[in-house]
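Only one structure is covered here, and it is reproduced in the block below.
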Amino acid sequence: MSLQLGQVPAIVISSSKAAESFLKTHDIVFANRPKTQASELIANGSKGLAFFEYGPHWRSVRKFCTLKVLSASKVEMFGPIRKQELDVLVKSLEKAGLHEQFDVKKLVHEGLALIGAFNLADYVPWLGVFDLQGLTRACKKVRKSLDEVLEVIITEHEQATNVDTNRHEDFVDMLLSIMHKNIDHENEHNLVIDRTNVKAILHDMIVAAIDTSAISIVWILSQLLRHPRVMKILQEEIQNEVGNTRMVEEKDLKKLNYLDMVIDETLRLYPTGPLLIPHECRESITIDGYFIKEKTRVIVNAWAIGRDPNVWSENAEEFYPERFIDKKMNYQGQEFESIPFGSGRRHCPGIHLGLITIKLVIAQLAHCFNWELPYNISPSNLNMEEKFGLSMPRAHNLYAIPSYRLADVKHD
Ligand code: HEM
């Protein structure tokens, strides 16, 4: 479908066949990101990764982030930190009191909502000065608060490095150590990053990691609450593989096939980025007889693709994990029937980390607790309304009551 949004031509992709054509066959032509007012204002002038235009800078930053934090070996290396955090979560749920400690999450939420908002100024630029929707003011406010948080993180790391030079290096240390140096010696453009780039990269990684994983976890838990049959099968699978004398560990995950099916089925129906991040056409091109002008915005409707009855049969809208019994998804750009992580050059580089995180959290929550809905809500009338934007959280908070079920595993 093609649209004219103010002064900006746009195409909406809603079938897996078209997605394959745009994100695989002609991927390089559509690998740009459009510059929007919100991404410029909030994401440090789009100087990070997710909103940076396709080219040598983006390639080098993406390579750096992938090698230093998102590769399988690095993700494995950070396993103990995930375990520690999960223990804290289970303990706090056991005491039935979950506290919100970090304002960062709220800021990330607000930032994503603003980046995903339909901003008139992006389509009719001369309207920008009037800030009719109040979005410029809101973006500047979020940007200022995020900037303060990022400054604190960076300054703390600088001070800690000065005090203890043998400290275990994390991603922020790695970024700081290459500041003002060439980050990619194989790239002839001699790319040097400054403090603004460091903040923009940190911003993109934090925003991309926090909300996506958290939103997916809430959707999966919602589906399990709506489908006690599925919850029971999942709990039995974990019980058989892990027993009830210990918590789930990362090494157990590869044996939990039904868990994979539950996650694939939820990501199909509720992709966290329902329209991915917008792509932009880098040069004019004709596809299947249609002329697409340079700078056309390409919106990929991953939500509609995952619910296409021509691909997923008449029961496409139904939550039925068993449809994945003989279909193992790997999200590495081979399948286009469900694309919760996008595809092609701009696909999500955090797939491995994202999947490990949500698998581990869901396995732990299902294994350690029985879950009930509040007394006035039954599984069939649990509200599953989505709130559409750059990310797609539940429109209404999920309330559920956990009761600890692993009698043999005690916590302090
Ligand atoms: C369940 C978890 C996650 C989901 C569903 C998800 C989904 C996505 C989607 C749909 C995109 C846009 C792809 C496109 O435009 O074609 C994306 C991009 C991105 N994701 Fe993820 N993501 C997840 C976790 C993560 C994590 C854990 C990280 C890193 C710590 C991450 C980092 C990024 C980055 C940096 C981009 C921008 C890539 C670029 O423009 O080159 N994501 N993600």
Side-chain angles (χ1 to χ4, degrees), residues 13 19-20 22-24 26-28 30-35 39 43 46-72 74-75 78 81-82 108 112 115-116 170-172 175 200-220 260 263-264 266-280 297-303 305-306 329 331-333 336 338-362 389-393:
I13 306 292
E20 181 164 0
F22 279 73
L23 300 178
K24 187 175 175 187
H26 304 289
D27 174 31
I28 192 159
F30 299 102
N32 234 358
R33 298 281 192 218
K35 280 201 189 313
S39 67
S46 312
K47 288 194 174 75
L49 173 55
F51 302 101
F52 207 91
E53 65 188 346
Y54 179 79
H57 176 103
W58 165 82
R59 212 174 300 119
S60 294
V61 173
R62 185 164 166 130
K63 191 165 127 192
F64 178 83
C65 293
T66 305
L67 282 176
K68 299 293 180 188
V69 76
L70 300 171
S71 66
K74 291 288 182 217
V75 169
F78 296 126
I81 302 176
R82 282 189 291 277
V108 165
L112 273 179
I115 293 175
D170 65 16
F171 183 59
V172 183
L175 272 176
I201 296 169
L202 278 180
H203 168 274
D204 285 4
M205 297 293 275
I206 292 172
V207 169
I210 292 188
D211 232 33
T212 47
S213 308
I215 291 172
S216 300
I217 288 166
V218 175
W219 280 123
I220 298 164
D260 285 346
I263 289 172
D264 288 339
T266 312
L267 290 176
R268 174 182 77 81
L269 288 166
Y270 298 94
T272 315
L275 305 176
L276 307 186
I277 301 174
H279 289 233
E280 189 184 72
R297 192 160 300 192
V298 179
I299 296 161
V300 183
N301 192 342
W303 183 88
I305 290 173
M329 304 294 287
Y331 303 112
Q332 296 300 331
F336 288 83
S338 170
I339 46 169
F341 296 95
S343 195
R345 283 173 172 74
R346 295 310 287 241
H347 82 278
C348 174
I351 299 179
H352 190 55
L353 177 59
L355 282 177
I356 284 218
T357 308
I358 55 183
K359 277 183 198 175
L360 191 61
V361 173
I362 291 296
L390 191 63
S391 63
M392 188 182 71

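Order of appearance sets the numbers: ligands from 1, and atoms from 1 within every ligand.
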Top protein contact for [atom], by heavy-atom distance:
atom	result
atom 15 (O) of ligand 1	Arg33 NH1, 2.9 Å
atom 1 (C) of ligand 1	Ser216 OG, 3.6 Å
atom 13 (C) of ligand 1	Arg346 O, 3.3 Å
atom 35 (C) of ligand 1	Leu49 CD2, 3.5 Å
atom 16 (O) of ligand 1	His279 NE2, 2.9 Å
atom 7 (C) of ligand 1	Pro340 O, 3.4 Å
atom 38 (C) of ligand 1	Arg62 NH1, 3.5 Å

Are the side chains of [Y] and [X] in contact, using a 4.5 Å heavy-atom criterion?
X	Y	value
Leu267	Ser216	yes
Thr357	Arg82	yes
Lys74	Leu70	no
Pro393	Val218	no
Leu23	Leu276	yes
Lys68	Leu175	no

For this session: Could you name all protein N, O or S atoms found under 2.8 Å from atom 21 (Fe) of ligand 1?
Result: Cys348 SG
For this session: For Leu276, take its heavy atoms, then give the atoms of ligand 1 lying under 4.0 Å from any of them.
Result: 10 (C), 14 (C), 15 (O), 16 (O)
Of the side chain and backbone of [X], name the one, both, or neither that has a heavy atom under 4.0 Å from an atom of ligand 1.
X	answer
Phe51	neither
Thr272	side chain
Leu70	side chain

Any nitrogen or oxygen of [X], side chain or backbone, less than 3.5 Å from one on ligand 1?
X	answer
His347	no
Ser213	no
Arg345	no

Problem set entry | Over-ring placement of Arg59 relative to Tyr54, 6.0 Å and 45° cut-offs | yes
Exercise. Side chains of Thr212 and Thr272: donor-acceptor distance under 3.5 Å anywhere?
Worked result: no
Exercise. Angle class for the Phe64/Phe171 ring planes (parallel below 30°, perpendicular above 60°, tilted otherwise)?
Worked result: tilted
Exercise. According to the interplanar angle, ranging from 0 to 90°, do the rings of Tyr270 and Trp219 count as parallel (below 30°), tilted (30 to 60°) or perpendicular (above 60°)?
Worked result: parallel
Exercise. Is there a heavy atom in Phe52 that sits closer than 4.0 Å to ligand 1?
Worked result: no
Problem set entry | Val298 backbone acceptor or donor facing His279 side chain under 3.5 Å | no
For this session: Please report the closest heavy-atom contact between Arg62 and Arg346, naming both atoms and the distance.
Result: NH1-C, 3.9 Å
For this session: State which residues pass salt bridge (charged side-chain N to carboxylate O under 4.0 Å, His left out) with Asp27; sequence neighbours excluded, sorted by chain then number.
Result: Arg345
